[in-house]
Amino acid sequence: MNSYTHVLAIEQTKRLRALLDDLGFEFSAKPYTIFFGKKNKLSVAVYEKGPKVLVQGKGVEEFIQFELEPKILGEAKLGYEEVHSPKMFEPHFGIDETGKGDFFGPLVIAGAYVDRGIARRLLDSGVQDSKRIGSDARIRALATEVRKAVAGLTDTILIGPERYNQLYEKFGNLNRLLGWGHARVIENLLAKKPDCSRALSDQFADPRVIENSLLEHGRKIELEQRTKAESDIAVAAASILAREAFIDWLDRHGRELGMRLDRGVSAQTKATAVKIVSNGGPDALRRVAKIHFRTAHEVAPEHFGPPPPRREWRK
């Protein structure tokens, strides 16, 4: 393991700063950090957002097991994952998505299969929920590790904005669209691993959305949805693959347009949307953005209506 991330409480942050001081770490200023310490080839950064600690370099495991866990976190987890989360090591699919809250870019849904051996390899490679990773380079490196470990038992569906806008109009509800996409990924994974009996995803809707879609195509599998499913290594691996596909799409289409396509929804994304409409008209925006977002209406109200009221899910 060459990197590790964990959310900290404010009091834990203070105690970690004192511990690093006692251990002889040298401190320096780094952007977005509360503090950054380094000793030999091991670095410990505590970021303002979270706050969360990022441990990197040589000796990560030893530092976590003998310093961070017993003295700061007060729990032993590293190396005890099979004790704390035995189901994570049983054969199953993990499904996750990215892009649903971003104005620009596609909706990406990915899935990965794990068993005990694959789960251990992923953990040893430092795979974790993509939302805990701020570096695009790190996402791409971990995606490579996931593909090596899972050996072809993955699937990624990328729904580009043009297709997304068509499907959103058809379904009229993001949860229906997500359910449809999750079902397609599970179907594709079952074609590769038909004896897998369980799939896990984050809880975003009534599971019947996925179940009904699968049954229409003659597929049956135990579906488990829970909050914070990204703590499961299969879901974390899927989140890495989905994020990689998403950032690659943004980079590629941004270069084609000659401008940066930012994530999320912000004043900057709105300013970029104004430029796109000014240069290529509303159809150009439809090709790179989700037009049911309020931003589209604000930029070109004569072409894009205000967001419709949310429809409740029905059987």
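- With rounding to the nearest 0.5 angstrom, the CG atom of Leu223 is 7.5 Å from the OG atom of Ser201.
- Grouping the Ile, Leu, Val, Met, Phe, Trp and Tyr side chains by contacts below 4.5 angstrom, directly or via other members, places Ile64 apart from Phe36.
- A distance-only check finds a donor-acceptor pair linking the side chain of Lys192 to the backbone of Thr154 [under 3.5 Å].
- Put simply, the side chain of Arg287 reaches to within 4.5 Å of the side chain of Glu162, judged on heavy atoms.
- Using a distance-only test at 3.5 Å, with no hydrogens or angles considered, a donor-acceptor pair links the side chain of Ser239 to the main chain of Ala236.
- Taking the charged nitrogens against the carboxylate oxygens, Arg255 and Asp251 have no contact shorter than 4.0 Å, which rules out a salt bridge.
- Under the 4.5 Å side-chain heavy-atom criterion for Ile, Leu, Val, Met, Phe, Trp and Tyr, Ile247 and Val127 are members of the same hydrophobic cluster.
- Here the CD1-CG distance, from Ile95 to Asp202, works out to 12.0 Å after rounding to the nearest 0.5 Å.
- Note on Lys87 versus Glu90: no salt bridge recorded, every NZ/NE/NH1/NH2 to OD/OE distance being 4.0 Å or above.
- With hydrogens and angles ignored, the 3.5 Å screen pairs a side-chain donor or acceptor of Lys290 with a backbone N or O of Gly99.
- To the nearest 0.5 Å, the span separating CZ on Arg147 from CD1 on Ile240 amounts to 10.5 Å.
- In summary, the aromatic rings of His292 and Tyr164 are positioned with their centroids under 6.0 Å apart.
- Atom CG of Asp155 and atom NZ of Lys193 lie 15.5 Å apart (nearest 0.5 Å).
- For the pair Arg260 and Asp262, the salt-bridge criterion is met [side-chain N within less than 4.0 Å of a carboxylate O].
- Salt bridge annotation for Lys39-Glu26: absent, with no cationic side-chain nitrogen under 4.0 angstrom from a carboxylate oxygen.
- Using a cutoff of 4.0 Å between basic side-chain nitrogens and carboxylate oxygens, Arg263 and Asp136 are scored as salt-bridged.
- Taking 4.5 Å as the limit, every side-chain heavy atom of Phe93 sits out of range of all side-chain heavy atoms of Val114.
- Remark: side-chain polar atoms of Ser125 are paired, donor with acceptor, to backbone N or O of Arg121 under 3.5 angstrom.
- Checking Ser135 against Arg140 by side-chain atom types alone, no donor-acceptor pair falls below 3.5 Å.
- Residues His92 and Asp115 have side chains that never bring a donor and an acceptor to within less than 3.5 angstrom of each other.
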Derivation and outcome, side-chain contact (heavy atoms from CB on, under 4.5 Å), residues Leu257 and Asn279 = CA-CA 10 Å; Leu257 289 168; Asn279 293 341; over 6 Å; no
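- In this structure, Arg17 satisfies the cation-pi test against Phe27, with its NZ or CZ atom closer than 6.0 Å to the six-membered ring centre and inside 45 degrees of the ring normal.
- Here the rule is side-chain contact (heavy atoms from CB on, under 4.5 Å) with Ile118, and of Ile233, Val150, Leu123 only Val150 fits it.
- For Asn165 (side chain) and Arg286 (main-chain N/O), a donor-acceptor pair under 3.5 Å exists by modelled atom type.
- Each of Val265, Ile291, Leu261, Thr272 was scored for a side-chain contact (heavy atoms from CB on, under 4.5 Å) with Phe103, with one residue passing: Val265.
- The main-chain N or O of Ala9 is found under 3.5 Å from a side-chain atom of Gln12 such that the two form a donor-acceptor pair.
- In this structure, the side chain of Thr33 does not engage the main chain of Ala45 through any donor-acceptor pair within 3.5 Å.
- The 12-atom threshold is not exceeded at NZ of Lys275, counting heavy atoms of other residues, nucleotides or ligands nearer than 6.0 Å.
- Between Val299 and Phe304 there is no side-chain heavy-atom pair separated by less than 4.5 Å.
- Leu42 and Leu54 fall into different hydrophobic clusters, defined by Ile, Leu, Val, Met, Phe, Trp and Tyr side-chain heavy atoms under 4.5 Å apart, directly or through other members.
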